[in-house]
Q: 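One structure coming up, written as structure tokens, with questions to follow.
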Amino acid sequence: MTALVETLEPGYSNSQDTDVGVFSNISGKEADDIKEDSLDLQESSQELVIPKKPASAYVTVSLVCIMIAFGGFIPGYDTGTIGGFESHTDFLRRFGSLRKDGTHYLPRVRAGLLTAMQNIGQACGCFFLGRVGDLYGRRIGIVFATTIFIVGTIIQIASVKAWYQYMIGRIVAGVGCGLFPVLCPMLISEVSPKHLRGALVSCYQLMVTMGIFLGDCTNYGTKVYHDSRQWRIGLGLQFAWALFLITAMLFVPESPRYLIEKGRLEDAKRSLAKSNKVSADDPAIIVEADHIQAAIAKEEAEGKAAWRDLLDTKHFILQRVLNSIMVLALQQLTGANYFFYYGTTIFKAVGLQDGYQTAIVFGVVNFFSTFIALYVVEKAGRRTGLLWGAAAMICCMCVFASVGVTRLWPEGKKAGISSKGAGNCMIVFSCFFIFCFATTWAPIAHVIIAESFPLRVKSKGMALATVSNQLWNFCVGFFTPFIAGAINFYYGYVFMGCLVFSWFFVFFFIPETKGMVLEDINVMWEEGTLPWKSANWVPPSERGADYDVNAMANDDQPVWKKCLVSSLANHHLFLRL
């Protein structure tokens, strides 16, 4: 199925029941006209299709999407640098407290606030400013977010003695960063060809990991200084990243859906043509633009989306909102940030005393593993990738926590004698955990959020999901020093329990959306397709006479059999990969 069908309006279905639900808020004649146009357009879409070209033909659009994804590099770089800043002697002298022996340190509460308050800023930014992309365009929204980030960076770099000034700067910068995970995946999903969409949206997470890695490298390079250059050089580089992103937006096409909504039809056709490597006058492009116009006409007839529309259960909007909130919350509760925080202690157990080297090791694994994710997300799929990722991380966390609790300190932690063999084992499994996370849950969670919502409520739904992600990120970042200090490696069992819950949540609630166009995903949701049957769901335009919609929405198998059959199917798929 080609990218043309991606333009079927949100909420459209061949079934009579779905038509009634979607157009229930539109007056009689207007609804009939829109449905008649939709049927005509679907009929023509089966004849006029945008040809799928070799991957080499999409180099330009891939580079465009990578430039958009660079919005993930900025918060990633900040994550990579802040931990190092808090270890720099000049940073501690300026913003820390003085011990009796004359050394400086950051109290746990202050360190937690300096690290995690940016997540609060991000939550506020994506919640209160998430509709900037709808009002002024995705590109302008990204530029606006970058400008706010620059202001926050200026406040931070101008800090001299007051730690709370630095924290305020991080909150302001966080407000700007909060828009990136909403607008960047959204724009990528709307300008990329459907058969490359998963990999291209995953580039956002690739940029995040690259930012973390280069941030770690920056800290390692500036540790040789003994003045404010230790941390101000790293902060100053953020201006370069921000200016690059603003410049990149000059070369990025605007979302065709936004352009048509604003009446810029010809610009939308050029944007569609650029993404699919065809002429703007191609008949298939014209039909695709007509489909988007039909979707926009339906949305305008229904009225502007309000926050209460996210509570709609008739069209499964609330279910999608809850799914998105849970997926991004569980992404944080996998325990990946726990490894980035507590990894220094593990590496010290085997003689690696330099915390900067520890961070670089994790950064290298995290960054290069994400390249594999670009393959996994399209070949294995969204649902299968999350299931296998959760299962693999459960095994890694179980070994990691068990060895840490029983073998790392043979004579007890107070004795100060650690087992190098146990430490090596923990290092291997911590790196393998990061590999599993980076190839599955890290990128795929963002892909699912970008694909789940119909256009009318997309920005609001993605904003709420991102708020969930940032709040849990704050909780993990702020409370981990206290919890890990109190219970040591037993903390790993907490994350292992969250991972077990994640596996079952994905199995029962997350459908497979690999290879589907955005509007077909909406149809699948509205038909009530069961998640464990979603891989076999067929779009309306490809169905045969014997296709049974009701069978996809009902299942009388016992729970244990569902899980077993799905696990065997996923295992077979991974063996094929």
Side-chain angles (χ1 to χ4, degrees), residues 72 75-80 82-83 115-116 119 122 181 202 204-213 215-216 326-347 358-373 376-377 385-386 388-401 404 426-448 466 468-481 483-484 489 491-503 505-506:
Y77 181 83
D78 178 86
T79 300
I82 184 60
T115 302
N119 299 121
Q122 290 189 39
S202 297
Y204 179 83
Q205 182 63 28
L206 176 65
M207 290 293 108
V208 172
T209 59
M210 186 171 78
I212 294 173
F213 172 61
D216 293 334
M326 285 300 300
V327 165
L328 284 186
L330 291 172
Q331 185 196 56
Q332 293 298 323
L333 292 174
T334 57
N337 286 338
Y338 164 69
F339 278 97
F340 284 106
Y341 172 79
Y342 214 49
T344 302
T345 302
I346 314 304
F347 277 64
T358 302
I360 289 177
V361 169
F362 281 138
V364 167
V365 175
N366 191 30
F367 175 54
F368 287 101
S369 297
T370 309
F371 283 99
I372 301 176
V376 171
V377 70
L386 291 181
W388 272 91
M393 287 188 286
I394 288 170
C395 298
C396 294
M397 187 65 79
C398 181
V399 174
F400 174 85
M426 295 175 74
I427 288 173
V428 170
F429 278 91
S430 62
C431 289
F432 189 59
F433 180 97
I434 293 172
F435 168 81
C436 296
F437 175 78
T439 53
T440 57
W441 276 81
I444 294 177
H446 293 287
V447 175
I448 288 175
T466 305
S468 166
N469 184 267
Q470 296 304 329
L471 289 180
W472 280 105
N473 196 353
F474 169 81
C475 291
V476 173
F478 183 79
F479 291 110
T480 286
I483 299 174
F489 298 107
Y491 196 22
Y493 292 125
V494 176
F495 290 116
M496 189 176 73
C498 294
L499 285 165
V500 172
F501 174 80
S502 300
W503 192 95
F505 181 84
V506 171

Q: Can F435 and I372 be said to form a side-chain contact (heavy atoms from CB on, under 4.5 Å), step by step?
A: CA-CA 9 Å; F435 168 81; I372 301 176; 3.4 Å; yes
Q: Would you mind reporting whether L499 and F433 have side-chain heavy atoms less than 4.5 Å apart?
A: yes
Q: Quick one: pull up OG1 in T115 and CZ in F474 and give me the separation to the nearest 0.5 Å.
A: 10.5 Å
Q: Write down the atom of G492, the atom of Y338, and the distance for their closest heavy-atom approach.
A: N-OH, 4.3 Å
Q: Considering non-hydrogen atoms only, spot the tightest contact between V327 and A445 and give its length.
A: CG1-CB, 3.6 Å
Q: Distance check, rounded to the nearest 0.5 Å: F400 atom CZ versus I427 atom CD1?
A: 9.5 Å
Q: With side-chain contact (heavy atoms from CB on, under 4.5 Å) as the criterion, how do I448 and I444 come out once you've worked through the C-alpha distance, each side chain's angles and the decisive distance to 0.1 Å?
A: CA-CA 6 Å; I448 288 175; I444 294 177; 4.0 Å; yes
Q: Locate the shortest heavy-atom distance separating C396 from F429; write the atom from each residue and the value.
A: CB-O, 3.9 Å
Q: Does Y491 form a ring pair (Phe, Tyr, Trp, His ring centres under 6.0 Å) with F495? I'd like the steps, not just the answer.
A: CA-CA 7 Å; Y491 196 22; F495 290 116; 4.7 Å; yes
Q: Rounded to the nearest 0.5 Å, how far does CD1 of I434 lie from CZ of F362?
A: 4.5 Å
Q: Please walk me through it: do N366 and I212 pass side-chain contact (heavy atoms from CB on, under 4.5 Å)?
A: CA-CA 9 Å; N366 191 30; I212 294 173; 4.0 Å; yes
Q: What residues form a side-chain contact (heavy atoms from CB on, under 4.5 Å) with M496, not counting sequence neighbours?
A: I394, M397, C398, Y493
Q: Would the distance check show the side chain of T209 and the main-chain N or O of L206 forming a donor-acceptor pair, the cut-off being under 3.5 Å?
A: yes
Q: Kindly give the heavy-atom pair with the smallest separation between V365 and C431, and that separation in Å.
A: CG1-O, 3.5 Å
Q: Among all residues two or more places apart in sequence or in another chain, which pass the side-chain contact (heavy atoms from CB on, under 4.5 Å) test with V428?
A: none
Q: Locate the shortest heavy-atom distance separating S202 from V377; write the atom from each residue and the value.
A: OG-CG1, 3.6 Å
Q: Below 4.5 Å, heavy atoms only, C-beta onward: do I360 and V364 meet side chain to side chain?
A: yes
Q: Minimum heavy-atom separation for L333 and C498, please, with both atom names.
A: O-CB, 3.4 Å
Q: Aromatic rings F371 and F367: how do their planes relate, parallel, tilted or perpendicular, breaks at 30° and 60°?
A: perpendicular
Q: To the closest 0.5 Å, what do you measure between OG (S502) and CD (Q331)?
A: 10.5 Å
Q: In Å and rounded to the nearest 0.5 Å, what is the CH2 to CH2 distance from W503 to W388?
A: 10.5 Å
Q: Are there more than 12 heavy atoms of other residues, nucleotides or ligands under 6.0 Å from atom CZ of F505?
A: yes
Q: Look up atom CG in N119 and atom CG in L471, then write down how far apart they are to the nearest 0.5 Å.
A: 8.5 Å
Q: Among all residues two or more places apart in sequence or in another chain, which pass the salt bridge (charged side-chain N to carboxylate O under 4.0 Å, His left out) test with D78?
A: R170
Q: Taking the side chain as everything from C-beta on, heavy atoms only, tell me whether Q122 gets closer than 4.5 Å to T466.
A: no
Q: Apply side-chain contact (heavy atoms from CB on, under 4.5 Å) to V506 and W441, showing your working.
A: CA-CA 11 Å; V506 171; W441 276 81; 3.7 Å; yes
Q: Please confirm whether the backbone N or O of Q470 pairs with a side-chain atom of Q332, one donor and one acceptor, at under 3.5 Å?
A: no
